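Residue numbering restarts at 1 for every chain, and letters A, B, ... go by the order of the sequence lines. This is a predicted model, so every value here is computed, not measured.
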Amino acid sequence: MSDFPDDMPFFDEAPSPRATPARAPAQGGGIAARAMAARQGSAPDYLKGLNEEQRLAVETIDGPVLVLAGAGTGKTRVLTTRIAHILSLGRAFPSQILAVTFTNKAAREMKQRVGLLVGEAVEGMPWLGTFHSIGVKMLRRHAELAGLRSDFTILDTDDVIRLIKQLIQAEGLDDKRWPARQFAMMIDGWKNKGLGPSEIPEGDARAFANGKGRQLYQAYQDRLKTLNACDFGDLLCHPIRIFRGNPDVLKEYHKRFKYILVDEYQDTNTAQYMWLRLLAQETGAPGQKNVCCVGDDDQSIYGWRGAEVDNILRFDKDFPGAVVIRLERNYRSTAHILGAASHLIAHNEGRLGKTLFTEKVEDDDSRVNVHAAWDSEEEARAVGEEIETAQRKGHKLNDMAILVRASFQMREFEDRFVTLGLNYRVIGGPRFYERQEIRDAMAYFRVVAQPADDLAFERIVNVPKRGLGEAAVRQVHDTARALRIPMLEAASNLAESDELKPKPRAALREVAANFERWQKALDNTPHTELAETILEESGYTDMWKNDRSAEAPGRLENLKELIRSMEEYESLRSFLEHVALVMDSEKNEDLDAVNIMTLHSAKGLEFETVFLPGWEEGLFPHQRSLDEGGRSGLEEERRLAYVGVTRAKKNLHIWFVSNRRIHGLWQSTIPSRFLDELPEAHVEVAEAGNSYGGYGGGSFAGGRGGRQNPYGASRFDNVGQDSGSFSNTYATPGWQRAQANRNEATDRNWGSRSGHAVERIGYGETDSGYGAGRGSVKSRTIEGELVAKSVSDTPSPFKVGDRVFHQKFGNGNVSVVDGNKLTIDFDKAGQKRVLDGFVTGI
DNA sequence: CATCCATCCGGGGGG
DNA sequence: CGGATGGATG
């Protein structure tokens, strides 16, 4: 493995400026010309326009460097310019730079931007890609060292679950009691930590399948090997093991990569970290560690996926002598937005510490708007109105985004926008290649390209229906296992034997004959044509044509799209390779539409105007983050809030509602603690407008109950009483109504699962990192507040037939009592289910 | 093999 | 409450 076939020198000869014929320097066409300009003292133009810190980050190319790049500080620009700089100095060939990202999108963008800086030569950067695409590339080279052949297939999560299910059944275990999905997640978790079957903690091993966890994991790995397949985790774990067991192989890579760059370093998991450390031990020459990691600890939001913020926090210990460069000059947002973001994130403890600033301070910039709404419906209505108003003022819908914490929040906005006739797009829905029809089609192609791909075979052997029931498929399966041959071959054998009934036998014979024919056609038919033939002849397209469900036309359209996208690839095989790792649906930029997405998928994006709805305790921060993650869970939620706030360039609107329907029940909610953590100076509390008052503000204007907020003192508690210390915007009637409602909401929101009381943890303690004396959030104490009272063992004070009043729905009669859940026939609103705490007897 | 019903569960989702 | 899933049923 001493030579790398793709080692295509980017330059014709040695990478010295002299080697390339001189071009007109002013045109900025050639790298050589730029390099020459650099030598002559005047900075090459790609460095122009960088600020001091950015330039330092670009030019410090030797030795370990950590670039802490705050939101909107030009991170991608630094990365791409740094690559251009290395190339233009002639310090490395493009093929000697390892540049890793997390997503295909980021990789694509980086390729494109390097291309713009450097010329057409992006193809010369074979090692710019995602962790996984680079992992596959390495693994294909050394597959035999992992017990695989280099044409191994990559299984997606769906395949993995089906495979595990088979193994669980083969083990004689109850697959209901031990769900394959859950075990797949466990394996994923282990692989994120780089742990093989023999390395997993004893406790983990015992936790699943009556202590058979380890054995099952081992069986899974063995099965993958016989299938000549691997899962996503293996794409990194195998290379790690290969590097460790074969120092000569690792050495090849040490010699090869002169520079290593990593994007979004705060999102790396342990396996990625190990992989990186192995490679970064040496770059090019002994003792050289030219590794540059770029990231932002304040934007680490993937802990639940195995990311270790600790990796970035520890960088200078992993690489002694590392240069740490902070990018804090923000080019995206107004001073108000940055002020809000910085103040918010300062409440986190575990961070390296950065403060964003901007130089442009415009007088007419608006402050961050906080809005209260009665319920999520009104929230959607009001946001819709604001969007329409902005649109009338000439703003593009494309420049607006609604960023939600949980995807269920989207529906209400979609409904509203449909009624308004307002265009919207949802970003990050189900991914293209995860759709059923795409996976089915892919399974056909996989079997043709890789006859041993049993999982693919099993998936489509009876799709469309061919009368091959469970029994027939099992027989094929068993024969294949017994003879140690692929299922396709077994099917072909069985079709010739008389072990099956005539009907399945004929069906199998046809399937086997079809695949044989397609395989023969593989090398002498254009692959798109072959793909179409396969889908036609197999009856797959007909299946959807005959399906008169609403989705069928869309599915056919998707299949066409699949074939279209194949055209860009050389062969069926190269297409399959890419589709396993790449393939995402692209948004239609032509349409002017509001963007709706989760906060997670908003990372890296920016919009003129941003709406952040649902800032309520329990939803944001999400209760489960608090329950499972404690303090660090809360901090991750806060980082998520920070990500949301920093997406906005000019206008930011944060919303919270007083009532939200969770799991079908109306629950009263209280404003998110994150609202309290925003600095008053940059926030304005907006009057909620006419719709809010509609519920008779007078009805509870008198401060019902006057209950003390159990979560401790809040800025919101004192509105109207202590006007001196607060901006008078907090004294608006709408705010006070929200306030009154906030005090109403206490112990009965956000039920725990299965009716058990859940202790709220990770809240309060001290208000670390936040300047004392700011008063508003200082005095919280931990109280072990019970979030949810048990649902059914508290008898309800109401009985069937009682006449009651509900703040949202008005008067009604109780028709069913189920613990503290009431079904009420409201005079106006119809039948609803609500918790008894929200109604009063009349 | 298709359809119906019971049951479970509710968070973020790349490669 | 609503959807996704899986077993039972005609």
Side-chain angles (χ1 to χ4, degrees), chain A residues 100-107 129-136 154-157 160-161 165 175-176 179-181 185 188 191-192 230-236 263-264 267-269 271-272 300-307 403-411 427-431 433-434 462-472 503-504 577-584 597-604 614 618-629 633 636-637 639-641 643-644 660-667 750-754 818 821 823 831-834:
Chain A
V100 221
T101 65
F102 274 83
T103 63
N104 289 301
K105 198 176 155 225
T130 62
F131 276 100
H132 291 87
S133 67
I134 291 169
V136 187
I154 302 160
L155 305 184
D156 60 29
T157 35
V160 168
I161 288 167
K165 191 166 182 176
D175 63 329
K176 292 274 304 219
R181 180 175 294 279
M185 274 162 53
D188 202 52
K191 290 189 176 177
N192 282 341
C230 64
D231 61 22
F232 284 121
D234 287 340
L235 298 180
L236 283 174
D263 191 14
E264 306 277 17
D267 288 338
T268 48
N269 62 35
Q272 287 157 340
S300 162
I301 55 175
Y302 286 107
W304 51 275
R305 213 161 66 185
L403 312 181
V404 298
R405 174 63 182 82
S407 51
F408 73 79
Q409 293 173 260
M410 292 179 181
R411 218 203 60 211
I427 295 180
R431 319 192 77 232
Y433 64 80
E434 282 169 2
N462 198 32
V463 179
K465 302 272 184 281
R466 304 185 169 91
L468 290 163
E470 200 193 332
K503 221 198 306 179
E577 165 86 24
H578 282 259
V579 92
L581 294 172
V582 190
M583 276 298 257
D584 35 20
M597 71 196 87
T598 62
L599 285 161
H600 281 93
S601 44
K603 194 165 79 149
L619 177 59
F620 195 35
H622 200 282
Q623 192 59 50
R624 284 183 65 169
S625 285
L626 304 178
D627 291 347
E628 292 162 21
E636 185 156 309
E637 292 286 302
R639 291 193 291 267
L640 196 53
V643 167
R660 195 175 284 279
R661 212 165 71 154
I662 310 288
H663 305 334
L665 285 174
W666 282 98
Q667 316 239 103
W750 295 91
S752 65
R753 282 157 292 169
S754 69
D818 171 19
K821 285 179 265 184
T823 302
Q831 196 176 68
K832 306 275 180 195
R833 296 230 306 162
V834 299

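You'll find the side chain of A/K191 reaches within 4.5 Å of the side chain of A/D234, heavy atoms only. Residues A/D188 and A/F232 have side chains not in contact (no heavy-atom distance under 4.5 Å, counting atoms from C-beta outward). In this structure the side chain of A/L599 never reaches within 4.5 angstrom of the side chain of A/V643, judged on heavy atoms. Looking at A/R405 and A/T598, their side chains never come closer than 4.5 Å, going by heavy atoms from C-beta outward.
Taking atom C1' on both B/dG11 and C/dG6, the two are 24 Å apart, rounded to the nearest angstrom. Between B/dG12 and C/dC1, the distance separating the two P atoms is 22 Å to the nearest Å. Taking the P atoms as reference points, C/dG3 lies 22 Å from B/dG14, given to the whole Å.
Straight-line distance from the CD1 atom of A/I427 to the P atom of B/dG14: 13 Å, rounded to whole Å. Put simply, CG on A/L155 is 18 Å from P on B/dG14, counting in whole angstrom units. Here B/dC9 presents its C1' atom at 17 Å from CD of A/Q623, a figure rounded to the nearest Å. Rounding to whole angstrom units, CZ of residue A/R181 and C1' of C/dT5 are separated by 9 Å. Atom-to-atom, CG of A/D156 to P of B/dG14 comes out at 13 Å; the value is rounded to the nearest Å. Distance, A/N269 CG to B/dG13 C1': 14 Å, rounded to whole Å. If you take CZ of A/F408 and P of C/dC1, they are 17 Å apart, rounded to a whole angstrom. As a whole-Å value, the separation of A/R411 CZ from B/dG10 C1' is 14 Å.
A/D231 comes within 4.0 angstrom of nothing in the nucleic acid, heavy atoms only. Contacts of A/L468 with the nucleic acid, taken as non-hydrogen atoms under 4.0 Å apart, involve only primed sugar atoms and P, OP1 or OP2. Using a 4.0 Å heavy-atom cutoff across all strands shown, A/E637 reaches at least one base atom of the nucleic acid. Contacts of A/F102 with the nucleic acid, taken as non-hydrogen atoms under 4.0 Å apart, involve only primed sugar atoms and P, OP1 or OP2. Using a 4.0 Å heavy-atom cutoff across all strands shown, A/G467 reaches sugar-phosphate atoms only and no base atom.
Legend: residues meeting side chain to side chain donor-acceptor pair (under 3.5 Å) with A/Q409, ordered by chain and number and at least two apart, are absent.
Once the 5.5 Å centre distance and the 30° plane angle are applied, the aromatic ring of A/W304 is found stacked with the base of B/dG12.
With B/dG12, B/dG10, B/dG13 as the choices, the nucleotide that has an atom nearest any side-chain atom of A/R305 turns out to be B/dG13. Nearest to the side-chain atoms of A/R661 among the listed nucleotides B/dG14, B/dG12, C/dC1 stands C/dC1. Each of B/dG14, B/dG10, B/dG11 was ranked by its minimum atom distance to the side chain of A/T103; first place goes to B/dG14. In this structure, the nucleotide among B/dG11, B/dG15, B/dG12 sitting nearest to the side chain of A/E628 is B/dG11.
Dashed line: the shortest gap from a side-chain N or O of A/R624 to OP1 or OP2 of B/dG10 is under 4.0 Å. Contact annotation: A/N462 side-chain N/O to B/dC1 OP1/OP2 distance is under 4.0 Å. The side chain of A/K465 places an N or O atom within less than 4.0 Å of a non-bridging phosphate oxygen (OP1 or OP2) of B/dA2. Contact between the side-chain N/O atoms of A/T598 and the OP1/OP2 oxygens of B/dG11 is not found at any separation under 4.0 Å. A/N104 has no side-chain polar atom (N or O) that falls below the 4.0 Å cut-off from OP1 or OP2 of B/dG14. OP1 and OP2 of B/dG14 both lie 4.0 Å or more from every side-chain N or O belonging to A/T130.
Residues A/T157 and A/R405 both approach DNA chain B. Their nearest nucleotides, taken by heavy-atom distance, put A/R405 toward the 5′ side.
Note on ring orientation: taking the six-membered ring where Trp is involved, the planes of A/W304 and A/H600 are perpendicular (angle over 60°, cut-offs 30° and 60°).
Within the model, atoms CG of A/N269 and OH of A/Y302 stand 13.5 Å from one another, a figure rounded to the nearest 0.5 Å.
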